[in-house]
Amino acid sequence: MIPFYKLERYEGNEALFELVTMSVVSSYVGEPLHIHAEGLRGTGKTTIMRAARGILPTIERIRGCIYNCDPAAPHCPHHKNLSAEEINAIGTEVIPMPFLEISHSAKIGTVAGSIDLARLTDPTHPEAQLLPGLIPQAHRGIIFIDEINRLADTSPEITDILLDVMGNKPGHIQIEEAGLPVVEIPVNVSVWAASNPDEDPGPLEEIRRQLSDRFDMVCYMGRPDSLDVLSSMLEENSHFHRVRQAHKAEMAEVDEKKNDQYRNDIINWAAMYEKTDLPDFLRNFIARLYIKHNLESIRAIEAMQQGAVLHSVLKNRDKVMITDVTYMIPLVLKHRVDGDTLVRMINDVDSRGSKDSILSFKNKKNKKDEENPDYFQQIARPLKDMHRGELVHTEKTLTPGDY
């Protein structure tokens, strides 16, 4: 697979690169950011998301914990009641941030969890224990689902599990098996998905609107329109180029150094994110958008706030700006409102100055003016309808010192 840093960037896919990086940063600090990439087949949605596996930072967990328990906040059935001394006795280990995929052939037990058959059939000490599925094993990491619109159509049971996982931050998952007590586990995982809305069964918001709303942001992948970009993509994907690169050990070292640079940036951005808050006037601006345009989902404005802060961090700004908020509007609302409402919101924000759009005071009448029935009621006449005497009199009135 082509390393993340080598993937061609162009206007149509730049938003996805930013969303992927923002989600990794947010996941690293323990706050999931669920993202969905839509676009025509073959535009590289899944390639970008899968390539991000190479830049994921490491996390520390309790040694051998398949649930990826944070030593400072254990959550799994085996470790959540242990003391700090007991955890120190077990020890810790450093692993790459989890990145797991849910396929369309996956069963509920594979995704959520089921009985551990290896333990059950152990000839020396058979016992019934739960084996956590893909989602509990991805705790503090990423779950990726390709063609999620098809999964939502064909696997309603798995869709229901995703709704629980993505419903809150952190989410939760419930594992049920006959003969064993029900286990409910908190799960801190970012869900990434890709789909082609032009293919059956159609866009996700038309198949399972509730699941679509769970995604914080959705971006549409455009096609490349640059000859240079397309030529570079063809070269990187040619058989000759891949074979030549595979035999160069030094290239592998270069790739790893570039990945390390990304990892260091992610860790630095995560530290900045934990110290950055949205100013009150921008928070009021987002709340005003929610009320003015009758938005349904509170998740939309929560994602707008989270995304604006993350976007400012990636741009290495020391404070969040209005442009960070307005950049989030189409990403956060594309799948939540109809096209006319989205265009109206974007035009409303773009056509008025930033101060007007934030504070909305400049063009408002005060209460005294609103109570006055003569407020701006004078009807002006065009100059061609005024005779010369009126024009001279008007000029003298406006500039009496010149006469």
Side-chain angles (χ1 to χ4, degrees), residues 1-2 7-20 22-23 33-52 101-106 142-160 162-163 166 190-227 229-234 236-237 295-297 299-300 303 307 327-347:
M1 178 178 289
I2 300 174
L7 294 175
E8 290 294 332
R9 287 161 170 78
Y10 53 89
E11 186 177 355
N13 69 8
E14 193 65 39
L16 182 56
F17 277 101
E18 288 190 344
L19 288 190
V20 163
M22 286 163 54
S23 183
L33 182 71
H34 310 303
I35 60 175
H36 179 193
E38 290 186 328
L40 299 175
R41 57 188 175 277
T43 49
K45 305 178 297 296
T46 59
T47 299
I48 293 173
M49 289 182 158
R50 284 175 175 150
E101 292 193 36
I102 296 177
S103 70
H104 289 257
S105 60
I142 311 294
I143 280 285
F144 174 61
I145 308 160
D146 196 12
E147 297 183 347
I148 192 169
N149 51 342
R150 288 205 304 115
L151 184 75
D153 184 52
T154 59
S155 302
E157 300 88 355
I158 294 179
T159 302
D160 290 338
L162 290 173
L163 288 174
M166 302 167 69
S190 292
V191 178
W192 296 2
S195 69
N196 179 359
D198 295 329
E199 292 184 349
D200 290 335
L204 180 62
E205 59 264 29
E206 295 180 7
I207 302 162
R208 197 74 184 264
R209 189 168 184 82
Q210 193 178 13
L211 179 61
S212 178
D213 178 59
R214 293 292 203 270
F215 284 98
D216 296 304
M217 298 168 196
V218 172
C219 72
Y220 191 86
M221 281 278 290
R223 296 166 59 249
D225 56 5
S226 166
L227 292 177
V229 168
L230 289 167
S231 296
S232 297
M233 293 172 68
L234 288 172
E236 289 288 344
N237 286 282
L295 302 180
E296 294 180 3
S297 177
R299 290 189 184 92
Y327 182 82
M328 289 297 119
I329 290 177
L331 299 172
V332 167
L333 296 178
K334 176 188 177 297
H335 56 303
R336 290 185 167 105
V337 302
D338 60 86
D340 291 341
T341 301
L342 181 58
V343 170
R344 188 163 58 249
M345 290 182 68
I346 294 174
N347 289 340

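Note that the coordinates shown come from a computational prediction; the quantities given were computed from them, not determined experimentally.
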Taking all non-hydrogen atoms of both residues into account, name the closest pair between [X] and [Y] and its distance.
{"X": "Met217", "Y": "Ala303", "answer": "CE-O, 3.5 Å"}
{"X": "Gly39", "Y": "Pro197", "answer": "N-CD, 3.8 Å"}
{"X": "Val332", "Y": "Ala300", "answer": "CG1-O, 3.0 Å"}
{"X": "Ala106", "Y": "Ile102", "answer": "CB-CG2, 4.2 Å"}
{"X": "Ser103", "Y": "Leu151", "answer": "O-CD1, 4.3 Å"}
{"X": "Tyr10", "Y": "Thr43", "answer": "OH-O, 3.6 Å"}

Say you draw a straight line from [atom1] of [X] to [atom2] of [Y]; how long is it, rounded to the nearest 0.5 Å?
{"X": "Arg214", "Y": "Arg209", "atom1": "CZ", "atom2": "CZ", "answer": "13.0 Å"}
{"X": "Glu205", "Y": "Ser195", "atom1": "CD", "atom2": "OG", "answer": "8.0 Å"}
{"X": "Leu162", "Y": "Gln210", "atom1": "CG", "atom2": "CD", "answer": "11.5 Å"}
{"X": "Asp213", "Y": "His335", "atom1": "CG", "atom2": "NE2", "answer": "6.0 Å"}
{"X": "Leu204", "Y": "Glu38", "atom1": "CG", "atom2": "CD", "answer": "7.5 Å"}
{"X": "Leu7", "Y": "Arg50", "atom1": "CG", "atom2": "CZ", "answer": "13.0 Å"}

Exercise for the section: Determine, step by step, whether Leu211 and Leu163 satisfy the side-chain contact (heavy atoms from CB on, under 4.5 Å) criterion, reporting the C-alpha distance in whole Å, the side-chain angles of both residues, the deciding distance to 0.1 Å, and the verdict. Expected result: CA-CA 6 Å; Leu211 179 61; Leu163 288 174; 4.0 Å; yes

Practice task
Apply side-chain contact (heavy atoms from CB on, under 4.5 Å) to the pair Ile329 and Leu342, showing each step before the final yes or no.
Solution key: CA-CA 8 Å; Ile329 290 177; Leu342 181 58; 4.2 Å; yes

Practice task
Decide yes or no for Leu295 and Arg336: does some side-chain heavy atom of the first lie under 4.5 Å from some side-chain heavy atom of the second?
Solution key: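 Leu295 does not reach Arg336 side chain to side chain.
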
Exercise for the section: May I ask you to decide if Ile35's main-chain N or O and Asp216's side chain share a donor-acceptor pair within less than 3.5 Å? Expected result: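 Looks like no, no N/O pair under 3.5 Å.
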
Problem - Ser212 side chain to Arg208 backbone, donor-acceptor under 3.5 Å - result: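 Not confirmed, Ser212 side chain does not pair with Arg208 backbone.
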
Practice task
Can you label the angle between the His36 ring and the Phe215 ring as parallel, tilted or perpendicular, going by 30° and 60°?
Solution key: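 It falls in the tilted class, 30° to 60°.
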
Practice task
Identify whether the distance between the nearest side-chain nitrogen and carboxylate oxygen of Arg344 and Asp338 falls below 4.0 Å.
Solution key: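 No, this pair does not count.
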
Practice task
Would you please name every residue forming a salt bridge (Lys or Arg N to Asp or Glu O under 4.0 Å) with Glu199, sequence neighbours left out?
Solution key: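 Checked Glu199 against salt bridge (Lys or Arg N to Asp or Glu O under 4.0 Å); matches are Arg41.
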
Problem - Stepwise side-chain contact (heavy atoms from CB on, under 4.5 Å) check, Met22 with Leu331 - result: CA-CA 13 Å; Met22 286 163 54; Leu331 299 172; over 6 Å; no

Exercise for the section: Mind jotting down which residue pairs meet the salt bridge (Lys or Arg N to Asp or Glu O under 4.0 Å) criterion with at least one end in residues 148-157? Sequence neighbours excluded, please. Expected result: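 Matches after skipping sequence neighbours: Glu147-Arg150.
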
Exercise for the section: Assess the side chains of Thr46 and Asp146: does a donor N or O sit below 3.5 Å from an acceptor N or O? Expected result: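 No, no side-chain donor-acceptor contact under 3.5 Å.
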
Exercise for the section: Show the numbers, then the answer: is there a side-chain contact (heavy atoms from CB on, under 4.5 Å) between Val20 and Trp192? Expected result: CA-CA 8 Å; Val20 163; Trp192 296 2; 3.5 Å; yes

Practice task
Please list, chain by chain and in numerical order, all residues satisfying ring pair (Phe, Tyr, Trp, His ring centres under 6.0 Å) with Tyr220, sequence neighbours excluded.
Solution key: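 If we apply the ring pair (Phe, Tyr, Trp, His ring centres under 6.0 Å) test to Tyr220, skipping adjacent residues, there are no hits.
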
